[in-house]
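Structure first, commentary second.
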Amino acid sequence: MRDRLDGLVRAYARLVVRRPLVPLLIAALLSAASVPGLLRVRFASDLASLFPDGPAATSAAALRDYLSAFAGREPIVTLFTGADPERVRRAAERFRDRAARHAEVASAVDRIETSEATTDDPAIVVGDVLRLGDVRLRRRLEERLAPDEIDRAVARARTLLLAPGGSALAPDVRLDPLGLRGLLSSSFARLGAGIGLDDERRLTAHTKGRARPYAALVLVRARSATLDLDAAERVLGKLGADARAVGATTATPTAASRLAVAFTGPAAMGPAVRAMIKRDLTTSSVVASVLVVLVFLVTFRRGRAALAVVPPLALGGAWTTAAAGFALPGLDAITVAFGAIVLGLGADAGIHLYARILQARETAGVEPERAIEEAVVATVPTVLAATAATAVAFGALGLAELRPVRHLGWLGALGDVLTCASILLLVPPIAVLLERRARRSRVDGARPGAGASAPWIARCAASIAGARSRAVAWLVVAASVAVVGTLAAVGPPPLARSMVSVRPASLAPLRTQDELFARFGGRPGQWLALVGPGPREEVLVAGDRVAERLAALQAVGRVAGYEALTTIMPAEATQRARLEGRPRASLERAARLLGESLERRGFARAPFEPAIEALRSPSMRTTPVAAHSVGGALLLDRHLARTRDGWLAALPVHPPPGAEPAYLASVLTSALRDVRVAGRGVVLTGYPLLEAEVATALRRSFPWVAGVAALLVLVVVVIALGGGGHARSPVSAAAAAFVALAAIVAELALVMIVLRVAGVSLDAYALLALPVVVGITIDETLFVLHATRARTEGAADVRERVAGAVRETGRATLGTTATAVAAFAPLVGCEFDGLRSIGWVGATGAASGLVVALVVVPALVRVLGPTASSAPAGDPRSGGSR
């Protein structure tokens with residue numbers, strides 16, 4: 001089989017030299033066939049594409065259902081701040097009126113109107129307090145109806161009426177002497193942990209007792225879905241112009257010296273995140289491109305090397321993207337990492353191939369055609385072996401539990417194969433054309449020595465590999481074992497608290513959200529209690545029961561807060577149950593005590609009879625759950641949505657500081673165990689639970705995936721380096737496979753220690769960059785092993801063979817490493833946490849791979865290779881000392 005492969009490679013080498021246009025034509029035909037796939041490529045816009053799937057991913061499935069039902073319904077939250085409350089309120093009102101006139105805006109509100117708080121019928125007021133009375137409101141009603149409180153309320157009423165101008169208050173006092181309407185208003189004033197109302201039911205963020213300026217909120221709902229980033233960006237642009245028109249400036253929300261405006265909410269965060277990633281990728285791409293070109297110039301000392309290698313890399317990426325367009329419904333934020341795979345792994349083959357061409361020309365002074373033919377014959381088998389090893393390693397990711405990781409594995413394996421095909425099809429014929437032109441040019445003629453001498457790094461590594469004493473090799477191996485042992489002792493870097501979602505500190509909408517949390521209470525990482533799906537009324541009733549349980553948990557500090565529709569819109573069945581279960585005895589007693597207190601304080605009883613009778617016979621009316629106003633519609637949309645299987649209610653829950661997800665989940669599950677809708681219980685989800693599921697899935701599947709990948713790589717290495725007998729190779733195929741595996745372990749250990757020292761946590765993005773750097777190390781290890789094995793002529797023993805192999809591959813290895821570092825290092829400066837993690841792992845891993853390939857691998861070969869005394873008689877290796 002090996003002889004047949006060698007024959008095919010030699011035939012292809014002759015074809016490239018004699019007919020260089022044939023491979024170019026094949027590449028052109030493949031490119032034309034890939035165009036339909038490129039046109040089919042779509043980028044997944046929803047975060048749900050990153051969620052785990054499978055039977056164990058219950059939180060992810062529930063969060064996916066929530067996003068499907070509620071995504072796009074969240075308003076744009078506009079925060080106005082300033083030192084003058086009146087100026088802030090006027091600016092918010094003017095902004096509200098201007099924003100509502102835009103065709104793209106469905107509504108803009110700065111207050112929540114509620115008919116219950118404005119009625120003059122005392123029976124209705126009492127009835128509304130009873131039917132809207134959640135745990136907190138009922139507790140306050142009991143306190144208000146206590147004998148001492150009734151007497152104090154009558155005393156306050158007398159004081160108000162006797163004060164100057166008190167006669168104007170007489171109608172209100174007669175209708176509501178106990179101030180029950182204030183109870184109702186105070187209930188509306190705290191709609192949840194994230195929204196509050198002032199006395200006029202304006203949305204406000206004023207916080208007493210804190211050194212913060214007054215603030216007002218305007219909720220703007222766009223007609224398009226929140227996740228339509230282009231539409232959201234257009235709306236935000238118009239809202240920004242409106243804010244400037246009313247005298248507000250974009251500034252930090254805490255600026256007290258002027259009127260400032262800031263936007264937050266999903267509709268504001270989406271465009272901001274996209275702009276940040278676009279800015280990061282643009283800057284890092286420009287810097288990386290410049291660095292890569294410089295690497296080619298330094299490595300090969302001529303610009304045409306970049307012309308020979310870069311276009312095939314780009315074409316391999318295009319072919320892979322086209323394959324993704326045919327096979328995948330969309331590319332998510334993790335799957336697009338295959339671009340780094342193409343650049344990090346595809347460059348290896350091209351650089352080694354072109355370096356071998358230049359080495360043949362400049363060292364031996366041979367003609368371009370012969371140099372290219374020899375380079376193809378010598379390099380292609382190793383390129384194919386390295387590609388197969390990395391492809392099967394990526395293919396093993398197809399066993400992972402996370403769907404985007406599976407897609408990345410399949411796409412990475414396919415991308416590695418397609419990029420290899422592009423390199424082999426394009427680099428040799430392009431080299432033929434370029435080198436023929438260079439031969440005819442007097443300016444760019446052959447320059448002996450330009451590529452013959454290895455870089456100083458490679459020369460130093462060759463000196464270590466070729467040391468006369470074998471103790472040096474043992475010292476390198478001992479140092480590698482010490483690195484692995486250190487990692488085992490201190491452990492790898494910790495997993496990031498946020499594996500998927502990120503909160504860049506520089507993102508303006510997130511700073512605004514943090515300001516709202518500081519004013520209203522709450523913090524990032526809210527949970528969601530999902531009720532349903534099921535019939536609308538049944539879901540609403542169950543949601544009210546969930547809110548009651550959450551209120552009880554909040555009273556004892558188990559949760560920091562919650563948001564529920566029941567505050568102003570309980571279900572009709574809940575209203576009827578509360579009215580029918582009203583405390584008749586307490587109300588009768590309160591009516592009697594009120595009459596007695598009025599008479600004792602000198603009031604005539606007759607004017608207060610409607611209020612007294614309202615306590616005996618409160619209104620039993622109920623109202624259906626519906627939007628009482630535009631603001632009410634916003635609240636309704638936030639908590640209730642219709643799905644294919646019925647209605648779904650969502651209640652955000654704010655955990656207390658420091659709450660462990662597992663403990664909080666057990667508390668909530670126990671409290672909500674008996675609440676069921678259509679046979680389904682309450683489902684808990686949210687990004688904290690999602691992060692925990694992602695971390696669990698990674699811990700559970702990655703060891704299994706790594707084991708399968710290692711086994712497949714070993715099989716490929718044994719097949720690639722097997723055969724030929726002891727006379728050709730200083731180590732057996734099994735030993736070579738062990739060297740490749742040990743190199744990977746040493747590199748990963750070194751990377752993990754560096755990341756731990758640098759304080760870098762491992763998130764999903766960092767973990768996905770690891771296969772890229774492992775692939776680079778596999779490639780370089782195979783090239784060094786192949787060069788060691790191939791140096792049979794003129795090598796007295798294994799010491800000289802290993803040192804010569806390091807010198808021979810040193811320039812190309814340094815070039816591939818520098819290319820990878822140049823591609824990854826600019827990402828370290830990005831604002832987006834995920835890109836920064838990829839940059840850290842990629843740059844650190846590539847640099848570690850250089851040390852492993854040029855120092856550790858040769859040392860392992862020296863240690864595992866035969867001693868001088870064991871070399872067969874007549875073997876060239878028997879004549880040297882090691």
Side-chain angles (χ1 to χ4, degrees), residues 344 393 457 460-461 463-465 467 469-497 499 695 698-707 709-711 713-714 735 737-781 784-785 806 813 817 820-821 824-825 828 836-864:
I457 295 179
C460 292
S463 299
I464 297 174
S469 173
R470 199 177 186 185
V472 176
W474 277 110
L475 184 61
V476 172
V477 173
S480 302
V481 173
V483 169
V484 176
T486 301
L487 178 65
V490 302
L495 291 177
R497 292 184 63 86
M499 294 296 295
L698 290 173
R699 292 191 187 98
R700 185 168 53 236
S701 64
F702 261 68
W704 165 252
V705 170
L711 178 61
V713 168
L714 288 177
F738 172 78
V739 169
L741 182 60
I744 295 173
V745 173
E747 182 209 22
L748 289 179
L750 187 57
V751 170
M752 293 299 175
I753 290 177
V754 172
L755 293 180
R756 188 176 184 88
V757 172
V760 179
S761 300
L762 295 178
D763 55 20
Y765 305 94
L767 293 173
L768 292 174
L770 288 176
V772 181
V773 297
V774 169
I776 296 174
T777 302
I778 293 175
D779 283 5
E780 301 308 331
T781 299
V784 171
L785 290 174
V806 172
T813 300
T817 301
V821 171
F824 284 112
V828 175
R836 193 162 57 246
S837 297
I838 292 175
W840 265 106
V841 174
T844 304
S848 302
L850 175 67
V851 176
V852 169
L854 295 185
V855 178
V856 177
V857 170
L860 287 170
V861 173
R862 286 286 306 273
V863 168
L864 296 176

To the nearest 0.5 angstrom, please state how far the CG atom of L850 sits from the OG1 atom of T813.
-> 7.5 Å
Sorted by chain and number, sequence neighbours left out, side-chain contact (heavy atoms from CB on, under 4.5 Å) with L748 holds for I744, L770, V774
What are the two closest heavy atoms between V484 and A746, and how far apart are they?
-> CG2-CA, 4.4 Å
Kindly say whether P492 contributes a backbone atom to a donor-acceptor pair with the side chain of R756 at under 3.5 angstrom?
-> yes
Smallest separation among heavy atoms of V483 and I753, with atom names = O-CD1, 3.4 Å
Please report the closest heavy-atom contact between G839 and V828, naming both atoms and the distance.
-> C-CG2, 3.6 Å
Apply the test side-chain hydrogen bond (donor to acceptor under 3.5 Å, both in side chains) to residues T777 and E747: give CA-CA distance (whole Å), side-chain angles for both, the deciding distance (0.1 Å), then the verdict.
-> CA-CA 8 Å; T777 302; E747 182 209 22; 2.7 Å; yes
Minimum-distance pair of heavy atoms, taken over all atoms of A749 and L487 = CA-CD2, 3.6 Å
So which heavy atom on A846 is nearest to which on V821, and how close?
-> CB-CG2, 3.7 Å
Nearest-0.5 Å distance, CZ of residue R470 to CG of residue L475 | 14.5 Å
From V472, L860, V856, residue fulfilling side-chain contact (heavy atoms from CB on, under 4.5 Å) relative to V477 | L860
Separation between CG of L854 and OG1 of T817, rounded to the nearest 0.5 Å = 7.0 Å
Which pair of heavy atoms, one from V751 and one from G845, lies closest together, and at what distance?
-> CG2-CA, 3.4 Å
